[in-house]
Amino acid sequence: MKRQLKLWDAVMLVMGSMIGSGIFIVSSDMMRQLGSGYWLAIVWLLTALATVAAAICYGELSSMYPKAGGQYTYLTEIFGKPIGFLYGWSLFTVIQTGTIAAVAVAFGKFTAYLIPQLNDATPLFQRGEFKITWIQIVAMGVIILLTFINTRGIKSGKAVQSFFTSAKIIALILLILGGLFLIKENHFSENMAYGWDSFQNLKGAGWSQISGGVLMGALAAAMVGSVFSSVAWENVTFVSGEIVNPQRNVVRALVIGTSLVMLLYISCNYIYLAALNREEIAFAANDRVAIAAAEKILGHSGTVAMAILVMISTFGCVNGLALSGARVFQTMAKDGLFLKQAIPNNKYDVPARSLWLQGIWASLLCLSGQYGNLLDMISFVIVIFYMVTVLGVIIQRIRRPDLERSYKTFLFPITPILYLLIGTVFCVLLIIYKPQYTWPGFILVLIGVPVYFFARNNKRAKLDE
């Protein structure tokens, strides 16, 4: 791989992969779960703390293993091929491709907000509950287009990434500044007045105060939204083999990118809490809380501007995910744990076949109609793999203190322990109070076990021939 990505490109990849559709939507459900601006702010702050802590830990691993594959490579080097494969398996089947599909469909939905005919059109195909709509076709078109652009070389992909990431960051800043100066009626004090008291209103039937186990379950469910909105920053590690001076620039990109995104997220939620009251946040139409806030700040023209912002955001996010994910599957193929067709680069020196395999599967997930629920459930698996990787930092300090580290985790071992504590609380709460979020993830990972042994035995059989 040629090293063509500089620090700016890496930061844009981190931020562009993180900022998708979640920040514009998930705060509605979080408010329905917790009913208090105070608790909403606490969940976002905890998520920000955990995200930056994990990114700092990944920085040490990136300095030790500065090659393509990122998290897959780290897990393989530390825990062996079975764990590395299970991560890669989960990444291909739903984490990466499912995220691409969900964000692309969000692009389609906000396109339909601007072009209502897409919403009103008769489905192209329908049998029972399964149907193919124009929104899904738009989503598939975006995936195919961005996959094609990325097959034309890393310069094409990074140009799209830098432009759209810059555009959505500027637009988010404008939304925040507009909220600070143009809000006519400020609801922030009203929303924060509930303090530590928490309430729940999942179906619009009225608020009921919650505590104890119900509150713990509500916190876990709320964190699913904030966590899912804050993942994918590790995508920059997937392309370490193409970053200039990866030992230094990957960790810089991780820390700078995640810190700036979480600052934007917390600022956006301040605007939501200031522009809207509790009911308006919790029951924004189709959970589009950002559009509800924009309408309060700028009127109808604000809703159009926000829809365009989300389209820009989701387009850039799909590009970042497509650009980076294919590098992991290529690395797996070189290890004999993925289709060998994903190995070669094309004449533009990018893994075109890996890109197309990823793009085709993500497009098919657009048609499933179930990817949204599956992604909510897979958040548990994402955090599990984050925790295993962060634990790897501690293990390698003990097992391999001799390995060269151009960067060492800030405040070690406090930083990794902090993430492990937050992650453990999140996962345990989900297991106890929201098992529907966890079992599908366990099943997905377990399916990967026989697939791994089949792939390993098949590779051995070919070597014996």
Side-chain angles (χ1 to χ4, degrees), residues 12-13 15-26 28 94-121 123-124 131-150 157 159-172 175 225 228-229 231-232 235 261 268 284-291 294 303-325 355 358-372 374-376:
M12 289 297 98
L13 183 55
M15 299 184 72
S17 297
M18 288 180 71
I19 305 173
S21 56
I23 184 58
F24 306 105
I25 296 172
V26 298
S28 278
V94 74
I95 293 175
Q96 194 79 359
T97 52
T99 304
I100 289 172
V103 176
V105 169
F107 176 90
K109 287 183 176 180
F110 280 88
T111 302
Y113 181 83
L114 297 178
I115 308 174
Q117 292 85 347
L118 291 175
N119 266 330
D120 302 333
L124 295 169
K131 60 184 177 181
I132 300 175
T133 66
W134 280 106
I135 290 176
Q136 291 168 308
I137 297 301
V138 169
M140 295 173 71
V142 167
I143 293 172
I144 298 301
L145 171 63
L146 288 172
T147 298
F148 172 75
I149 289 173
N150 278 281
V160 171
Q161 191 65 26
S162 293
F163 173 78
F164 280 93
T165 301
S166 298
K168 63 186 174 184
I169 290 170
I170 292 170
L172 277 173
L175 170 68
F228 183 71
S229 300
V231 299
N235 277 236
V261 169
C268 279
N286 294 316
D287 284 352
R288 291 188 293 235
V289 62
I291 282 187
T303 66
V304 174
M306 184 53 60
I308 294 172
L309 162 62
V310 178
M311 289 172 65
I312 291 172
S313 176
T314 50
F315 193 86
C317 184
V318 170
N319 181 76
L321 294 169
L323 184 153
S324 53
L355 280 161
Q358 172 186 257
I360 291 168
W361 180 241
S363 297
L364 292 175
L365 288 178
C366 289
L367 301 178
S368 70
Q370 300 299 319
Y371 60 85
L374 190 54
L375 280 174
D376 283 341

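Sequential numbering from 1 along the given sequence is applied to the chain's residues. As the structure is a prediction and not an experimental result, all values here were calculated from the model. The basis for the numbers below is simple: all heavy atoms, side chains too, and nothing from hydrogens, waters or symmetry mates.
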key: Residue pair Ile143 / Ser363: nearest heavy atoms and the distance that separates them   = CG2-OG, 3.6 Å
Minimum heavy-atom distance between Gly108 and Ile135, given as atom pair plus value = C-CG2, 3.7 Å
message = Using side-chain heavy atoms (C-beta onward) and a distance below 4.5 Å, is Met18 in contact with Val231?
response = no
key: By side chain to side chain contact (heavy atoms under 4.5 Å, CB included) - contacts of Thr303 (at least two apart)   = Tyr113, Ile291, Glu295, His300
query = Between Leu172 and Ile169, is a side-chain contact (heavy atoms from CB on, under 4.5 Å) present by the stated rule, with each step listed?
reply = CA-CA 5 Å; Leu172 277 173; Ile169 290 170; 5.7 Å; no
ask   = Side-chain contact, heavy-atom cut-off 4.5 Å: Cys317 with Ile19?
value = no
ask   = Under the side chain to side chain contact (heavy atoms under 4.5 Å, CB included) test, which residues partner Val26, sequence neighbours left out?
value = Met30, Trp44, Ser229
query = At their closest point, which heavy atom of Ser313 faces which heavy atom of Gly20, and how far apart are they?
reply = OG-O, 2.7 Å
task = To the nearest 0.5 angstrom, please state how far the CG atom of Leu118 sits from the CD1 atom of Ile137.
result = 11.0 Å
query = When rounded to the nearest 0.5 angstrom, what is the spacing between CD1 in Ile170 and OG1 in Thr165?
reply = 11.0 Å
inquiry  = What's the separation between atom OG1 in Thr147 and atom CD1 in Ile360, rounded to the nearest 0.5 Å?
reply    = 8.5 Å
Side chain proximity check, Asn319 to Asn150, heavy atoms < 4.5 angstrom = yes
inquiry  = When you measure from the side chain of Thr314 to the backbone of Ala106, do you find a donor-acceptor pair of N or O atoms at a distance under 3.5 Å?
reply    = no
Contact check, side chains of Thr111 and Phe107, non-hydrogen atoms, under 4.5 Å = yes
remark   = Residues at least two apart in sequence or cross-chain that pass side chain to side chain contact (heavy atoms under 4.5 Å, CB included) with Ala305, listed by chain then number, are none
Lys109 vs Val310 side-chain heavy atoms within contact, under 4.5 Å = no
key: Test item: Phe110 and Ile308 side chains (from C-beta on) under 4.5 Å apart, heavy atoms   = no
inquiry  = Can a donor-acceptor pair be found, under 3.5 Å and without considering hydrogens, that links the side chain of Gln136 to the backbone of Val105?
reply    = no
key: Intermediate values then yes/no, side-chain contact (heavy atoms from CB on, under 4.5 Å), Leu146 and Phe315   = CA-CA 9 Å; Leu146 288 172; Phe315 193 86; 3.6 Å; yes
inquiry  = Side chains of Gln96 and Ser324, heavy atoms from C-beta outward: is any pair under 4.5 Å?
reply    = yes
Asn235 and Leu321, any side-chain heavy atoms less than 4.5 Å apart = yes
inquiry  = Determine whether Met140 and Leu367 satisfy the following criterion, side-chain contact (heavy atoms from CB on, under 4.5 Å), listing intermediate values before the conclusion.
reply    = CA-CA 9 Å; Met140 295 173 71; Leu367 301 178; 3.6 Å; yes
query = Just by modelled atom types, is the Ala322 backbone N or O under 3.5 Å from a matching donor or acceptor in the Gln358 side chain?
reply = yes
request  = Say whether, by atom type as modelled, one donor and one acceptor occur between the side chain of Thr99 and the main chain of Ile95 under 3.5 angstrom.
outcome  = yes
